[in-house]
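Only this structure's heavy atoms are used, side chains among them; waters, hydrogens and symmetry mates stay out. In this text, all values refer to a predicted model and were calculated from it rather than measured experimentally.
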There are 2 protein chains.
Amino acid sequence: MILSRTTEYALSVLAFMATRNQKMYAAELLHQELKIPRQYLRRLLTDLSKKGFIISTRGRSGGFVFARDMSTINIAQIIDALEGADAMNTCLLGFTACIAGHPCAMHDLWAESRSKVIETLTKTTLGDLSEKYRKDIVTGCL
Amino acid sequence: MILSRTTEYALSVLAFMATRNQKMYAAELLHQELKIPRQYLRRLLTDLSKKGFIISTRGRSGGFVFARDMSTINIAQIIDALEGADAMNTCLLGFTACIAGHPCAMHDLWAESRSKVIETLTKTTLGDLSEKYRKDIVTGCL
DNA sequence: ATAAATTGCTACCTTTTTGTAGTAATTAAT
DNA sequence: ATTAATTACTACAAAAAGGTAGCAATTTAT
Ligand code: FES
Ligand code: FES
């Protein structure tokens, strides 16, 4: 399962904004480009602005802009903001705590894989995605 | 989020059965040991037996036994059976397909991390967990 | 001023996931 | 045979996630 649909939406939106070289994005545009349900997306965008990733401006010609430089926003931060700080630090076998001092039978192997994933997500910023897009490395839907 | 609660329950149950050296396990025992809601667990156990991981026997002194040798059941198989075959092969940005020929901006990095996780989960069997437990490497709840 | 284009908010609806209750079927012990 | 211990099944309830609708507030263009 990995991520909730809402989190995927958030990543999708922010990655889209990062790769297109446009200052402001209206919800309606994002809705049309990314096919995320209109009203649900509106709520998500408000949420993302409350969480400090983007800034909203109301009124005609309003929309959403990044709140800080894209290179300071990494993927792990976005996931954490939407799924809760340590949604990734859970025990694979579903025990309440996943701590090295009290490991389940999967702990060592799992903790290692997991930390690699987190490392990758942490070192990748929206700025990196932007660069990739400009270098035409990406041919997909985004 | 990573796994649904139900999948965690399944892993927890099967890992428990693998580590204790007992032939048959009644639902009631598993419920008490693992604190999984009684009726929900019952349904899950029936499901796991339909999926070929365990075999159920009804009646007095009935319960659940492994359907095949523990060393032939790996963690990835269990996850796949509960979450759907390629729940792990999704695009991190939520696009419908995640295929190398049509990559999104996250694809390369993500695909690499992901395949390492899958490799770990695939090469770890319930037999491995059992051994670990017997070597007292595990001190946790399991 | 007025209208148009936008976000903010609230209330509701639908679907999926998780959890509960009760009854039927099966087996073993007595 | 009867009872006790177990799984199987069905239907429902509660909670969480995802989605919809409509109106209020704000800003810009005219
Ligand atoms: S305790 Fe289970 S993965 Fe860490
Ligand atoms: S296409 Fe997005 S991760 Fe593969």
Exercise for review: Evaluate side-chain contact (heavy atoms from CB on, under 4.5 Å) for A/Ile36 paired with A/Leu44, printing each intermediate quantity in order.
Suggested key: CA-CA 10 Å; A/Ile36 300 171; A/Leu44 175 60; 5.6 Å; no
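In this structure, the salt bridge (Lys or Arg N to Asp or Glu O under 4.0 Å) partners of B/Lys51, at least two apart in sequence or on a different chain, are B/Asp47. Here A/Thr6 pairs with A/Tyr40 under the side-chain hydrogen bond (donor to acceptor under 3.5 Å, both in side chains) rule; sequence neighbours left out. Judged as a salt bridge (Lys or Arg N to Asp or Glu O under 4.0 Å), and not counting sequence neighbours, the contacts of B/Glu28 are B/Arg38.
Look at B/Tyr9 and you won't find any side-chain N or O under 4.0 angstrom from OP1 or OP2 of C/dT18. One finds no side-chain N or O of B/Ser56 lying less than 4.0 angstrom from the OP1 or OP2 phosphate oxygen of D/dT7.
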Check your understanding: Using a cut-off of 4.0 Å between protein heavy atoms and nucleotide atoms, how would you tag nucleotides 9-15 of chain C 5' to 3' with B, S and -?
Key -> S-B----
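Across the protein-nucleic acid pair, B/Lys35 atom NZ and C/dT20 atom P stand 14 Å apart, rounded to whole Å. Rounded to a whole Å, the CZ atom of B/Arg38 is 13 Å from the P atom of C/dG22. As a whole-Å value, the separation of A/Arg5 CZ from D/dA16 P is 19 Å. Per the geometry, CG belonging to B/Leu44 stands 13 Å off P belonging to D/dT7, to the nearest Å. Atom CG in B/Leu41 sits about 12 Å away from atom P in D/dA8, given to the nearest Å. B/Met24 places its CE atom 10 Å from the P atom of C/dA28, with the value rounded to the nearest Å. Whole-Å rounding puts the B/Leu34 CG to C/dT18 C1' distance at 17 Å. Atom CG of B/Leu3 is separated from atom C1' of C/dT17 by 15 Å (rounded to the nearest Å).
In this structure, the nucleotide among D/dG18, D/dT20, C/dT20 sitting nearest to the side chain of B/Pro37 is C/dT20. Comparing D/dG18, C/dT18, D/dT7 by their closest approach to the side chain of B/Tyr40 singles out C/dT18.
The list of salt bridge (charged side-chain N to carboxylate O under 4.0 Å, His left out) pairs with a residue in residues 115-129 of chain A, not counting sequence neighbours, reads A/Glu112-A/Lys116.
A donor-acceptor pair under 3.5 Å links the side-chain atoms of A/Asn74 to the main chain of A/Ala76, judged by distance alone.
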Mind listing the side-chain donor-acceptor pairs of residues 58-68 of chain B below 3.5 Å, one per line with the distance, residues two or more places apart or on another chain?
| residue | atom | partner | partner atom | Å |
| --- | --- | --- | --- | --- |
| B/Arg68 | NH1 | B/Thr72 | O | 3.2 |

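Ranked by how close their nearest DNA chain C nucleotide is to the 5' end, A/Arg60 and A/Leu45 are led by A/Arg60.
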